[in-house]
Amino acid sequence: MMRLLVVVILGFLALGHGVRAVDVIFGYEDPSQNKFKNWDFESNLSNNDWTVSGATVTKVSGGHTGHSSVKIESRTSGDGGVKQTVTGLTPNTNYYVSIFIKVLTNAPTGIGYSSYLLICRSGGVLSKVAKLPFQTTENTWKHIGGDYKPSGSSAECFIRAKPTQINYQLDSASFIELKKRSNWKSYLDQKIKTHRTSSLRIRGHLPSGCSPSSTTLKVELKRHDFGFGTAIKAKNFNGNSQVEKNYRNFILKHFNWVVFENAMKWMAIERNKGHTDYTVVDNAIVKLKENNMTIRGHTLLWNKETGNPSWVRGYTGAAMKNEVLHRISGMINHFKNDSDPNGKYFLNDFEVLKRGRMTSAMADVAEYLKNKNAHIGGIGIESHLKVLPMDEEVLEKRLQIIGRVGLPITITEFSVHNSNVQTRADALDMAFRVYFADPNVHAIVLWGFGDQFSNFASDFYLTHGTSFTPNTAGQKLLHLINEEWSTKQDIHPTSNNVDTTINHAYRGKYQLTAVCNGQVKLEKEFHVGQSPSTINI
């Protein structure tokens with residue numbers, strides 16, 4: 001069955017108004033490892049932990065954890081409040097720094113919201129660790145945190161809050177080292193087995209006339225439950241030139257999900273006001289449905305001006321709202337007969353895995369929408385990794401922060417960028433393992449793959465030439481999908497009664513084939529899901 005998943009891209013900063021915190025203490029499940037002293041503000045402040053400057057700071061009853069927190073008011077500058085210098089750090093090592101904030105007063109009329117930066121200074125270098133923008137008063141604690149790599153052995157950390165007129169509370173501060181595992185690949189591979197495989201038992205009798213010595217039972221995964229996808233150019237996917245046929249065949253052979261790179265965007269569908277054209281998309285959908293591909297809808301709305309039709313860019317207020325609603329209703333009405341009736345809307349944004357400054361803010365927005373019963377079915381995260389090599393413990397931590405919202409996650413635009421193809425391959429291997437090992441991630445969608453029909457620079461290509469020949473990075477991708485994370489096993493019976501178990505069968509659609517004396521005697525399709533499966537011959 002072809003399914004259509006609809007995604008909304010809306011620049012989450014504009015939705016951050018009044019976000020509700022994810023009520024989990026991120027990062028310090030083991031408080032003994034917390035580098036902050038008096039991290040929960042249960043003790044009175046002293047020069048040995050939190051120092052006060054540019055504000056009135058009062059210890060008050062009630063907090064995010066424990067019995068107390070601190071109230072910050074009468075600030076004379078954005079940096080006014082409490083600070084702590086953390087010592088005993090290992091330079092150039094990854095840490096996770098966070099704190100919880102409760103906004104107590106609204107910003108002055110005309111501003112409407114307050115914003116918060118978590119800042120750490122080490123070795124003379126000031127780093128903006130995390131940002132929590134567009135906040136208003138709401139009786140809840142809000143998490144702000146991010147990964148941080150100090151340049152020295154100590155770091156001074158504080159909150160910068162603007163405007164200065166707002167008051168707030170702080171509690172549950174965390175400064176925890178993100179441990180680097182020497183055996184990170186084995187660690188992730190074990191998580192993958194736990195979350196992506198199930199036991200498969202095959203039992204019964206051999207087909208009539210087949211002896212054990214002449215029979216082979218072939219068990220093969222035909223289609224992953226997990227989404228391995230790519231963005232496609234609909235016009236070229238529909239094309240009839242030889243290179244376009246090669247392009248289409250490569251996609252259908254190696255992927256089970258697709259997203260249209262541009263063909264579903266507002267600018268492509270309604271280039272001129274009132275004149276919508278779905279022809280290119282509709283033609284591609286026919287071919288995709290014939291091949292049982294899952295189609296992920298691309299952005300309904302995009303906050304980048306250049307991603308919208310030129311005619312709508314001058315609209316504001318009620319006029320803009322009317323055009324937005326018309327765009328949404330037009331897309332939904334057009335595709336509703338092709339789509340899964342349980343199709344989901346995703347909150348999608350960028351810069352939340354590639355960098356960690358906005359990761360906790362994205363989680364806060366998603367949690368806010370979820371608790372307001374908005375029709376949000378999941379979180380989409382672009383993943384254009386350009387700073388390589390990237391540490392796996394950092395990428396895993398950022399993903400965990402988003403995952404604790406409890407919504408499905410799709411990696412919507414994956415790419416790794418480096419001119420060295422081996423570095424590219426190593427980064428792809430690491431990132432794919434981190435994503436595939438996380439139970440909240442349901443799909444990884446590449447933002448294209450080859451040097452044909454691409455607008456990206458050559459530092460991300462996985463194939464080359466008109467035959468789409470995989471390079472070293474592309475070979476790594478296909479090895480993971482088709483070999484390492486696939487199940488294909490020949491069973492050689494020792495008696496007419498078969499009873500054998502594959503302990504780690506990757507989940508998805510399977511085919512069992514019994515071959516006796518070179519002839520196919522039995523074919524059976526079945527599915528392996530989260531629960532153990534038993535298939536009777």
Side-chain angles (χ1 to χ4, degrees), residues 3-16 227 229-235 237 257-273 276-282 284-285 288 293-313 315 320-336 338-340 343-354 358 362 365-366 369 374-384 402 407-415 442-448 454-456:
R3 293 179 292 159
L4 181 67
L5 306 178
V6 184
V7 62
V8 182
I9 297 185
L10 276 176
F12 69 84
L13 296 184
L15 287 178
T230 182
I232 66 172
K233 288 188 177 295
K235 181 179 179 180
F237 184 84
W257 278 42
V258 298
V259 62
F260 296 113
E261 187 174 312
N262 291 306
M264 271 188 167
K265 291 178 179 176
W266 195 355
M267 186 164 56
I269 295 293
E270 192 178 5
R271 188 171 297 276
N272 298 308
K273 178 176 169 56
T276 55
D277 186 354
Y278 297 93
T279 305
V280 174
V281 173
D282 289 345
I285 286 177
L288 293 165
M293 298 287 279
T294 296
I295 304 170
R296 184 175 193 275
H298 201 26
T299 170
L300 282 174
L301 303 170
W302 201 8
N303 70 333
K304 293 186 70 172
E305 184 178 83
T306 55
N308 294 308
S310 58
W311 60 265
V312 82
R313 297 174 194 172
Y315 283 60
M320 173 62 85
K321 181 179 179 180
N322 288 336
E323 294 300 335
V324 164
L325 293 176
H326 180 73
R327 154 70 174 170
I328 293 172
S329 62
M331 287 285 285
I332 298 303
N333 289 332
H334 181 82
F335 290 110
K336 65 182 179 182
D338 290 328
S339 63
D340 184 340
K344 299 176 180 179
Y345 295 89
F346 276 62
L347 173 69
N348 199 91
D349 222 307
F350 55 95
E351 301 288 348
V352 294
L353 286 182
K354 182 171 70 174
M358 299 300 295
M362 180 67 162
V365 173
L369 292 173
H375 296 290
I376 174 173
I379 301 173
I381 306 174
E382 295 182 18
S383 184
H384 299 295
I402 300 296
L407 290 170
I409 296 172
T410 296
I411 307 300
T412 60
E413 296 188 14
F414 180 86
S415 63
H442 291 227
I444 306 170
V445 181
L446 303 177
W447 198 241
S454 174
N455 298 324
F456 267 11

For this session: Go through the side-chain N and O atoms of D282 and H334 and say whether any donor and acceptor fall under 3.5 Å apart.
Result: yes

For this session: Would you mind reporting whether L369 and L347 have side-chain heavy atoms less than 4.5 Å apart?
Result: yes

Seminar exercise, completed: Heavy-atom closest pair (V281 atom, M264 atom, distance to 0.1 Å) is CG1-CE, 4.1 Å

Problem set entry | Whether over 12 other heavy atoms sit under 6.0 Å from K321 NZ | no

Exercise. Closest heavy-atom contact between I379 and A366?
Worked result: CD1-CB, 3.6 Å

Exercise. Would you say the side chain of T230 lies within less than 4.5 Å of the side chain of F414, judging by non-hydrogen atoms?
Worked result: no

Exercise. For the rings on F260 and F237, is their centre-to-centre separation under 6.0 Å?
Worked result: no

For this session: In sequence, state the C-alpha distance, the side-chain angles, and the governing distance for V445 and E413, and then conclude on side-chain contact (heavy atoms from CB on, under 4.5 Å).
Result: CA-CA 6 Å; V445 181; E413 296 188 14; over 6 Å; no

Exercise. Is the closest basic N to carboxylate O distance between E305 and R313 below 4.0 Å?
Worked result: no

Exercise. If you measure from the Lys or Arg side-chain nitrogens to the Asp or Glu carboxylate oxygens, is any gap between E382 and K354 under 4.0 Å?
Worked result: no

Exercise. With a 3.5 Å cut-off and no angle check, do the side chains of H384 and S415 form a donor-acceptor pair?
Worked result: yes

Exercise. Backbone N or O of T412 within a donor-acceptor pair of the T410 side chain at under 3.5 Å?
Worked result: no

Problem set entry | Shortest non-hydrogen separation from R327 to W266 and the atoms involved | NH2-N, 3.2 Å

Problem set entry | Under 3.5 Å donor-acceptor, N348 side chain and T299 backbone | no

Exercise. Closest approach of A268 and A263, non-hydrogen atoms and distance?
Worked result: CB-O, 3.8 Å

Seminar exercise, completed: In terms of heavy-atom contacts, K273 and E323 come closest through NZ-OE2, 2.6 Å

Problem set entry | Audit row: I376, Y345, side-chain contact (heavy atoms from CB on, under 4.5 Å) steps and yes/no | CA-CA 5 Å; I376 174 173; Y345 295 89; 5.9 Å; no

Problem set entry | Heavy-atom closest contact (V259 atom, R296 atom, distance) | CG2-O, 3.1 Å

